[in-house]
Amino acid sequence: MGPIEPMKPDAHANLKVLFALTLVHFTGDFYSAFTTPLFPAFMDKLNLSLAQVGMIAGINRFLSFIVQPIAGYLADRYQGRAIILGGLLMAVVFIPLSGVAGSYWMLVLFIALGSVGSSLFHPSVAGMIPLYAGNRKGFSMSVFNTGGTLAFAAGPFFITAVVAAWGLEAMPATMVIGLMVMVYLWVVVPSPQSEGMAALGLMGTLKRQFGTVWKSIFLIWLVMVLRAVVGQSFMTFMPVLLVSRGYSLVSGGVMITLFTLSGTVSGLMAGYLADRAGSRPIFLVAHLLMTPALLVMLWLPGPWIYAGVFVAGFFVLATMPLGVTLAQELAPGGRSMVSSLMMGLAYGLGGAMAPVVGRLADLYSIASVLWAVAFIPLVTIPLILLFPRGRTEAAAG
């Protein structure tokens with residue numbers, strides 16, 4: 001039995017395909033989520049510095065910056081599932097192998113290969129969502145994004161429990177889960193639809209996709225980058241901060257789980273509301289409340305910090321799917337490319353700041369640096385006010 005045929009963009013929502021695409025997202029991000037909560041364990045095993053931890057995190061995100069736009073460009077030009085399923089296979093295989101890495105550079109290699117795999121499938125599957133979403137594109141994209149945020153919630157809890165029980169050497173056994181899922185995905189996931197730009201070349205493709213809207217696309221992308229700097233800095237170094245304060249390794253995994261689980265809830269709410277009121281008001285509210293939520297989280301003592309983590313994640317991750325949806329609305333001819341810009345390029349550049357944050361943390365302490373990072377969302381407010389009005393917001397106005 002082969003993959004089902006693609007559906008026309010104007011048809012009703014195809015829940016089976018939407019579920020499969022979300023499952024691709026969930027599975028890849030589930031394995032990608034293994035790395036960050038295990039930084040304390042890798043530090044202990046390989047005697048890593050915070051700067052080296054930041055370098056690993058930065059390489060991970062930088063590869064998203066390099067690979068996703070290329071994958072998005074190719075996905076908009078050519079059909080084929082090799083990028084989707086091949087990329088997912090790389091994440092499923094190489095990230096678990098990091099548990100048996102015997103040196104810093106071997107650890108970097110395994111994480112880098114897994115990161116490349118994760119980067120490959122993201123633009124294609126995100127670009128396919130509008131084709132199967134009917135008239136609920138914002139909510140469908142939020143559901144798709146929920147697959148990723150839920151994975152980043154479940155993955156850390158799962159892998160820290162495995163490592164706490166059996167050690168880092170047990171990580172390769174977790175490949176079995178992903179390989180079993182891939183059998184189902186091989187049957188269900190359709191091929192991406194080419195946008196018919198194979199004869200245009202790179203510059204011709206970019207001109208057709210973004211020629212009249214590039215300023216708006218850039219504005220949205222810049223806000224997504226700054227949001228990613230905040231989110232990735234806290235996701236990378238909060239577990240290390242918690243362990244340094246006496247919390248267990250599993251507590252660090254729980255922290256990431258709560259942070260991303262709350263983002264799952266807020267992402268769904270944001271997508272639902274954006275379909276009715278537009279994306280810009282949701283961006284404004286989330287980014288205005290992000291800074292106080294992060295500062296309170298850093299201040300809360302004892303078990304109260306978990307409540308603070310949940311609230312902070314709620315606002316930090318709420319707008320992740322909205323940037324993609326808004327950009328796809330502005331440039332519908334380049335769905336995969338704009339998805340790669342808003343997810344991969346923004347995420348990658350934001351995460352590439354991790355080595356800088358790590359170096360500053362070595363110099364001034366993790367808590368002090370994260371306190372400063374928490375004020376970045378306020379810088380985005382004037383930029384959000386310049387966002388173009390979406391169709392829903394324009395109709396309401």
Side-chain angles (χ1 to χ4, degrees), residues 9 21 25 68-69 72 76 122-123 125-146 148-149 195 206 208-231 263 266-288 290 315-350 377 379-397:
L21 296 175
H25 197 193
Q68 281 209 36
D76 279 335
H122 273 91
V125 291
M128 293 165 70
I129 291 294
L131 299 178
Y132 301 92
N135 62 355
R136 301 300 300 275
K137 292 179 174 59
F139 184 70
S140 296
M141 184 61 70
S142 294
V143 172
F144 169 78
N145 187 73
T146 293
T149 52
E195 294 298 325
L206 293 176
R208 175 177 292 187
Q209 291 174 343
F210 308 129
T212 60
V213 296
W214 72 268
K215 292 182 180 179
S216 296
I217 295 290
F218 175 76
L219 198 63
I220 300 167
W221 172 80
L222 184 57
V223 170
M224 296 295 281
V225 170
L226 293 173
R227 190 215 61 79
V229 169
V230 176
S266 64
L268 287 172
M269 292 177 59
Y272 179 83
L273 293 173
D275 280 337
R276 285 153 177 76
S279 297
R280 189 170 55 172
I282 312 302
F283 265 99
L284 281 172
V285 171
H287 283 243
L288 280 170
M290 206 180 296
F315 293 112
V316 171
L317 302 179
T319 58
M320 282 185 65
L322 299 187
V324 180
T325 304
L326 187 55
Q328 286 181 340
E329 184 178 306
L330 292 171
R335 298 180 308 274
S336 297
M337 177 63 82
V338 296
S339 298
S340 71
L341 294 178
M342 299 302 154
M343 296 175 67
L345 187 58
Y347 178 90
L349 283 180
V379 179
T380 68
I381 300 303
L383 302 177
I384 295 171
L385 291 172
L386 297 174
F387 274 13
R389 301 175 69 188
R391 285 193 294 265
T392 302
E393 192 179 351

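Note that the coordinates shown come from a computational prediction; the quantities given were computed from them, not determined experimentally. Any value given below was found using the heavy atoms of this structure, including those in side chains, with hydrogens, waters and symmetry copies removed.
From Thr319, atom OG1 reaches atom CG of Leu326 across 11.0 Å, with rounding to the nearest 0.5 Å. Within the model, atoms CD1 of Ile217 and CE of Met224 stand 11.5 Å from one another, a figure rounded to the nearest 0.5 Å. Taking CG from Leu273 and CG from Leu268, the interatomic distance works out to 11.0 Å, rounded to the nearest 0.5 Å. Going from atom OG1 of Thr380 over to atom CG of Leu284 covers 8.5 Å, rounded to the nearest 0.5 Å. Expressed to the nearest 0.5 Å, how far CD1 of Ile282 lies from CD1 of Ile384 amounts to 11.0 Å.
Of all heavy-atom pairs spanning Ala270 and Ala318, the tightest one is CB-O, 3.4 Å. The minimum heavy-atom distance between Leu317 and Ser266, with the atom names listed, is C-OG, 4.1 Å. A pairwise comparison of heavy atoms in Met290 and Val230 identifies SD-CG1, 4.5 Å as the closest pair. Annotation for Leu21 and Phe144: closest pair O-CE1, 3.6 Å, computed over non-hydrogen atoms.
Using a 30° and 60° split on the angle between ring planes, His25 and His122 fall in the perpendicular class, above 60°.
The backbone N or O of Val316 lies less than 3.5 Å from a partner atom in the side chain of Arg227, making a donor-acceptor pair.
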task = For the pair Leu383 and Leu226, evaluate side chain to side chain contact (heavy atoms under 4.5 Å, CB included) and give the outcome as yes or no after the intermediate values.
result = CA-CA 11 Å; Leu383 302 177; Leu226 293 173; 4.2 Å; yes
